[in-house]
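To start, the structure itself, in C-alpha cells.
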Amino acid sequence: MGNKIVLFFSFCLAFCSFSYEVLIAGELTRLTSMDILSQSLTIGFYILSLGLGAMAFQWLDQKKQSALFLWTELALGLLGAGSILLIHVIYFLWPIWNGVNSIDMSSSKVSFILGAQVLTMILGFLSGLEIPFLSKMLDQRGQTFSFNWVLGFNYFGSLMAAILLPLSLLPALDVWGVSIVVGTINLLILVALIIYLKPRFVGVLSLSVLAALTLIMVLTAKYQIAESFFLRSFYFRVHPNSLSQQDIKNSIQVIEHLHPVQRIRTPYQTIDLVHDSYPVLDQSHHIENSFLVYLDTHFQFSRKHERIYHEIMAHVSIQSRDQVPRRVLLLGGGDGLLVRELLKYDEIESVTLVELDPEMIQLATTQPELVAMNRNSLHDPRVHIVMEDAMTYLMHDRNFFDAVFIDFPFPNNFDLVKLYSREFYQLVRKRTTPDGFMIFDYPVDTNNFNGITNRVIVSTLQAAGFPYQTIFGSNDPFILSTLKPINDFQAKQDWKNISDLSKKYLKYFALPDEQGLGNSLVNTLFRPVLLTIPKGGRN
Amino acid sequence: MHQAFWLFITFLVAACSLLYELILAQVLSALLGGTVLRYVTTIGCYLFAMGVGSIIAERFHHKSKESFFRIELLLTLLGLTGPILLLWVHSVAGDAVVVKTIFFYFWVLLIGVLTGLEIPLIVAMAKNNRVQYSTVLAMDYVGSFFGCLFFLWVLLLMWGLLQGSGLVAFINLMVSFFLWIFLKKGKDDLQVHWMELGGMVLLGLTALAIFFSSPDFEMKVLNLYGK
C-alpha cells in the first residue's frame, strides 16, 4: 500500500514539473516569436537543472532531507501556479533595462528568453530533488529496485503532461488556467505528503500551505484581468520607461484604455484579433486604426493593407498566363480573403481550400469583421473546403489543378518549415497541370538578390522540378513558379480587378544571378536549412 | 572501473537516445502530417516505453554487463536504420495508414524500452564502484541537455537527419566499444561473442558510410517519399 502511494507521488510530481516546462516554453514562444530558441533553451535548461537537482541531493543533510523536500514542494507549487504571471511581469518590465521601445529588437528578445531561464532553472532544480528523495523513501522501507520503479512512474507522469497539456488542457482552459490548476495539484500532493510523512513541524507547514492556497485562489479570481492587461501591453507595445511608480501608473492607465485583444486557442495555433478602435494616448505607441490578425503572435494581415497583398497575389499571377485557370487549389488561407479575389473570375470553376484549423474557417464564416472583409466568400458554391494538413492532402489527392495558391505562415518552426521543403513542392508539382502555376509568399531578401535566402529558395524549387521562377509583389514579394517560361508581362498596364493603390505598390524583383546552389543548400524534410536563415516580417 | 567511466557512459547513452528520439519525431512529423498530434504521441510513446523499460530492467540485473552491451548494439542498429526504414515503409505501404502508424510507433516504442533499461543497468553495473544513483541520474539529465541542444543547433542544420543519424549511431557504437575494451578483463568480465564483435564492425562501417554520404544520397533516399 505505502509503496504504491510513493509511486503515485512520483507520477503526479513529474506531471506537475513537466507541465511547468511546457507552459513556460509555450509562453516564451508567444512573447518573442522565436519558436526554436524559446523551446530548445527552455527544455535544455530544464533538463540540465533537473540534473543539478538530482546531483545536489546527496550533499543535503541526511536528517533534514524530508523537511527540505516538503518546503521544496511548497515552493514548486507556488512558483508553478504563478509562473505565467511572473513571465508576463518580467516581460512588461524588461524594456526598462534595455531602453524603451527595444522590445522588438532581437537582442532584447534573446536576453529576455535567457533571463526567463532563471525561473526554468529554479523549477527544474527543485524538481530534480524529487526522484532521489522518493526512491530513498522506498529504500528505507526495504524495497529492492525502488529506484527503477520511481523512475518509471516519473516517466509516466511526464508522458501524462506531454499528452494532456497540448491535447486537452490547453485548448480547454488557457495557459493561465492550466498553470493555476497544475500548481494547485502540486500543493494537494504536498498535503498528501504531509499526511503520509507526518513531519515534526506539521503546524508551520500546514499554515504555509493554507497561505499558498489562498494566494492561488486570489490569482484564480483575478487572472483574466491580468491576462487581458498583458495581452494589450504586448500588442500595443506599452511598457513603463522606468521602475518609478509614476511611470508604471501611466503605462497601466494607457493600457486600460485600449480595446481588448480577442484570443482564440485551437489545437493548432493561437489566433489573436487585435481591434484598434480607440485612439492611443501615447503617440509613440500608436498603431494605425485597423483590425489585425495574428497567428501564434506572427502578424498575418490588417484590414488596411490586406487588399494590396491579396489583389497582387491573385490577379497578377492569373493574368500572367494566357488562360484563366479553371480548377484552383488553395493551401492555407482559411481567412477567405484570397478566395474573395479568386471568385471575381467566372472562368474559375472550383476552388478547393485546404485548411488545417477548423476554427479558422469558423471565424472566417462568422466573425463580423472577417465576414465583411472576405464578403462571405467561403459560402460560395464554387468553394470546397477540406479540413486537413496540406501535406497529407497532397499525398492522397489525385486531382489536377491549373493554379496552386499557397498561403502559409512563414517557416518559423519545424511544423511550418516542412511546408517549404523540396518534398512538399514535389507533391504540389505532381498535382499541377503543364500550363499551371504555383505561387506563394516568402520573405525574399529584396536588398541582396544574390543573398543566401533567395538562392536557397530558387535551388529548392528547382530541385522540386519547377524550372522557372518570377518574383513580384509589394514590399513582401511572391514567388511564382511554373513549368513553362512566363511571357514578359512586366510591361503590362491593363490589369483587371486590381485597385490603383495596389498597382502603385506592384514591383518586380530580380532573381539571383547564379541560379540555385545545386543540392548543397536545398531545404528538405531531412535538412531544414531555412530555419537558420533570418526572415523578415510582413507588412 | 572508475566512477568517471560510468558517468561518461551515462552521458553518451543519454545524449544518443534523446537524439534518436528527436530524429524519429522529426521524420514522423514530416511523414504523417497533423504535426501537433503526431509529435505529442511520439514523445508520449517514448516516455511510456522508457517507463516500461526501467521497470522491467530488474530482469536483466544478473547479467547486467552483457545485457547493456547488447542493448547498445541494438540501439545503434535501430537508430541507424530508423529514418531510412520509415521512409521505405511509408513508400511501400501507400494508403495503408494503419500499417504505417503501427510500424512507426512500434519503432519508437522499441527504442524507448531499450533506453529505459539503460539507467537502471548502469546503476547496477556501477554499484561496486560506489556510484550514487542520483549522480547517474544527474548525468543522464546532463546528457539529454546536450543531446537536445546539439540536435537543434548542430545536427539538424549541419548534417540533416540522415547523415546525423549516422553520426549518432557511431557515437552510440563507441559506448559498446568502450565497454568491450575496458570490461573484457577483470573479475566479472564482460562475455562477448565473436558474432557480436562482427556486428559491431559492420554497424560501425555502415554508420560511417551514412555519415560521410553526400547530400545527393539524401536526395535519393528522400525520393522514396513522393512515391
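Letters go in sequence order (proteins before strands), and every chain restarts at 1.
Qualifying salt bridge (Lys or Arg N to Asp or Glu O under 4.0 Å) partners for Arg70(B), counting only residues two or more places apart in sequence or in other chains: Glu196(B). A search for salt bridge (Lys or Arg N to Asp or Glu O under 4.0 Å) contacts involving Arg30(A) returns Glu27(A), not counting sequence neighbours.
Using a 4.5 Å cut-off between heavy atoms, Met158(B) contacts chain A through its backbone alone, with no side-chain atom that close. Contact annotation for Val136(B): neither backbone nor side-chain heavy atoms come within less than 4.5 Å of a heavy atom of chain A. Proximity to chain A (any heavy atom under 4.5 Å) is shown, for Leu162(B), by both the backbone and the side chain.
Using the six-membered ring where Trp is involved, His396(A) and Tyr393(A) have ring planes that are perpendicular, over 60° apart on the 30 and 60° scheme.
Interface check for chain A: of the options Leu149(B), Leu156(B), Thr135(B), the most heavy-atom pairs under 4.5 Å are formed by Leu156(B).
Using a 4.5 Å cut-off on side-chain heavy atoms (C-beta onward), Met50(B) and Glu21(B) make no contact.
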